[in-house]
Each structure stands twice: as structure tokens, then as C-alpha cells.
Amino acid sequence: MKTIHVIRSERVVTPEGVKAATVHIRNGTITAVRGYDDLPGGANVYDARKSVVMPGLVDTHVHINEPGRTDWEGFETATRAAAAGGVTTLIDMPLNSIPATTTAAALKIKRTAARRKCWVNVGFWGGVVPGNAGELRAMYSAGVFGFKCFLVPSGVAEFENVAESDLRAALPILADLDAPLLVHAELPRALEEAMKPLTNADPQSYAMWLRSRPAAAETQAIELMIALARQYRARVHIVHVSSELSVPLIHRARKEGLRVTAETCPHYLVFTARGIRRGATEYKCAPPIRDSRNQEGMWRALKAKTIDMVVSDHSPSPPAKKCRETGDFFRAWGGISSLQLGLPVMWTKMNGRNHSFSHLVRWMSSGPARLAGLESHKGAIAAGFDADIVIWNPERRFIVKPRMLQHRHKLTPYANRPLRGEVEATFLRGEMIYDRGRFLGAPRGALLRRGER
Ligand SMILES: [Zn+2]
């Protein structure tokens, strides 16, 4: 671990734009962003030269799975991957660990399990499941950043999906707390209808999997959530939007003044259904990766700010659960492993599209920070913000080798892909925690609570 007082670069991404500057840090906080040659004598300087200095990424959609399914992914491995990928804050989803984070007692168990293992800052979402409306206030007081629910089966038995009646019990409470409800937006009936003609479908065919999760399931779910957001004046956030057909619905809701936000994930922005080989279940996620025309629409929605952010939905499992031997898309665990790779994956695809570093910050740092209510001190290189910083080389190319990955399991659809943009160093509160493949010191990420700095 190494304490740094000044970071200097020809390309510092600030809220006012990209400029040559020095970032001055004291006690973990950015005190000023000054001229390039403003180097106080005796200061410990990190000279990033031409590399880009940006606020560390904030990833509000990560499944860590510990305790209970630590063999899928755990705090130590997930947060090492985060540090290596320039992610300095992540918010853990309430499901796939056992217990699921659906009670205040379970939150305590999760926090205990995370203690002294986290290389980056970690916060927690709570869960809304049938029958736990009475727990929501206690969980919020105990520091969860908001709540997540599923409208379709989640894939694990201990985190049941909600029906409209459950939402009507929870939403008045969440509106009163002003807590966001994150929603996996697909409706069961549309999925059941889609499955009917597919009973004898070839399970190794990606086209069949895609057909089983039609865009209509997502648009219908979003329509329901918008109506509920209107009725209860609640904050609703649609996780992993996969279909461009959802975009106008979200746009209209926002124009109406409803508090509806949305995210998508790198895999929807870089992979297309046609490119997924037979039986390549490492690409399985729900909702599914769709066609290239749809993908263009997703990029337009990001640029137009209808989709607010890009987060990983890192949701790995042991390789056996991905059923690679049988290549069965219908039996394989749905979840893509990607936490460490979001920045270069996005940058590689953005190249040539006239996007800027400022877009990356908005989509992957300040945008998600706002969702979690962290925007006053995370997500910007500016005085008063936490010195959580990533330094990366946008010109550097590399090929994803499984051995580079810090995730517990190396299976990922990004394996062997050429990417552009290499993370060089990651700083947490002014301390260097990651330096070109090396981890420095001990895990010192904070366990975050809503409302605490
Ligand atoms: Zn997820």
C-alpha cells in the first residue's frame, strides 16, 4: 500500500472535461484539481503521464454469493477482480448468497462474512420478496442502499419472485423511505406463452433460448412498473434493459416526471445473438442478448440518456452449472462473468464512435453512484470527492486470458477477445491498492452503509 498526495496526468477526466492537471489528495479526499505543473515540494507524486485518470468505476449490479455459495464467487475474489478492473465501489445484489439479503438479520450475516475480505468498497442492496414488507424499514435503517425484486423466478429458491400484490405492499413503504426499487423486468405470462411452441426445441440452439425470452416480456413488465411508479410516486430502476423496445416506455415515463431510471450491461452492447455459437452457454443470461439492430438502439438510448448507466451484472457460477458439456441453454445457470473487464470492453466497442472519456464516467461511475445515493462523494474527480481513482491506458491492447482474471471462476464469454484499454493502477481513498497486476497491502475496502461517508 502506498499513500499518494498528488496524481498528475495529461488526461484527467473532470466534470468540466478532459484536461492536463494535478489531483491533490489529503486523508483520502480530493482537495483540489490544479494546473499540470502545480507540484508541491515533498509531495508523494504519481505521474500517470498520458494515461487517463478517472474516478473509479461504481458497479451497482454485482452478485457476490457469499456466504452460502462462496464456491460460486466470494468477497475476496470478486473485489480483487473489481480492483484489477478499476471498480472502486460495488453494491452487492441481495440474492445468490445464503441467506439472501431479505431481512436485517441476513444483512448482518452478509456484512460479517465480508469483513476484512474486500479490496474495494462494498455496499448492499436489500431484497423485496413475498411476505417481507415488514422487514424493509429495518433493512433500510441498517444501511442497504435500496431494494431489488424479481417479477419472474430468480433462479434460486430462497429468493422468490414477487407478484403485483407484493409490489403493492412494498411500494408505499419504499416511496415513504424514498428508496429505489430495482426490478428484474420480465413477466412470467409472456415467458410461458413463448415456451409453449418450444417444448421440443433444440436446447443447444441460442436462437431457441432467445425465442423463449421475448422482448414483450420485458416491455410488459416495464409498463407494469411504470404504472406502479406513477400510482405510488415510487423510485423504480429497471435493471439490465435488454430490448430497444423498452426505451420509448422509459423515455415517456421520465418525460411525465416519473422517477424511473434504467441500466444496461456491457454484454448487451457488444455481443449479438448471431455471434453466439451453438451450446456456448457462457453467453447465457436473462433477459437474453438480442440482435444487432436491437444493439444499435441500445447505444442510441445510452447516448440520449434514456438508459442512465452501464453495470456488469457479474453473476458467475461454478463452470459445471453452465452445462458446457451438454451446451443446454435451458438448463445452464443464467449469468455472465465480467466484473474485471467492463472498462476495456466498453472502451473497445466505443472506439471510433466519437464517444468520450466523459461518457464512460457518466455511464460507469457518476451514473451508478447517483442510483446508490453516493453522488455527493463518489463518481467525480473534483474537490471534496473521495480519492477513489482508476488510471488506465486507452491505447494499450491485450487479449483476455483466463489466467489474468481474478474472478473465482475463469469461464467468461470475453475469453480470448482482443480488447483495448488496460487498467494500470487503482486507488482507494488515496491509497494505491492495485499496480499493474500486483495487489498492494491488505484488503481495505469499506463496508458502506447508506447515508454514511
Ligand atoms: Zn443480476
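Please read all numbers here as calculations on a predicted model, not as lab measurements. Atoms within each ligand, like the ligands themselves, are counted from 1 in listed order.
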Checklist entry - Between H240 and H61, is any side-chain donor less than 3.5 angstrom from a side-chain acceptor? => result no
Next on the checklist: What verdict does the side chain to side chain contact (heavy atoms under 4.5 Å, CB included) test give for S242 and E218, after you've listed the backbone C-alpha separation in whole Å, the side-chain angles of each residue and the deciding distance to 0.1 Å?
Outcome noted: CA-CA 8 Å; S242 71; E218 183 173 287; 2.8 Å; yes
Next on the checklist: Please evaluate residues K110 and F75 with respect to the criterion side chain to side chain contact (heavy atoms under 4.5 Å, CB included), reporting the C-alpha separation (whole Å), side-chain torsions for both, the decisive distance (0.1 Å), and the verdict.
Outcome noted: CA-CA 10 Å; K110 288 217 72 164; F75 287 106; 4.2 Å; yes
Checklist entry - Testing H267, H409, H407 for ring pair (Phe, Tyr, Trp, His ring centres under 6.0 Å) with H314, which one passes? => result H407
Item to check | Every N, O or S from the protein that is nearer than 2.8 Å to the Zn ion (ligand 1) | outcome: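 Short answer, with waters excluded from the count: H61 NE2, H63 NE2, D313 OD1.
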Item to check | For the student: nearest non-hydrogen atoms of M364 and L343, plus distance | outcome: CE-N, 4.1 Å
Next on the checklist: Once side-chain hydrogen bond (donor to acceptor under 3.5 Å, both in side chains) is applied, do any residues pair with K255, and if so which ones, sequence neighbours excluded?
Outcome noted: none
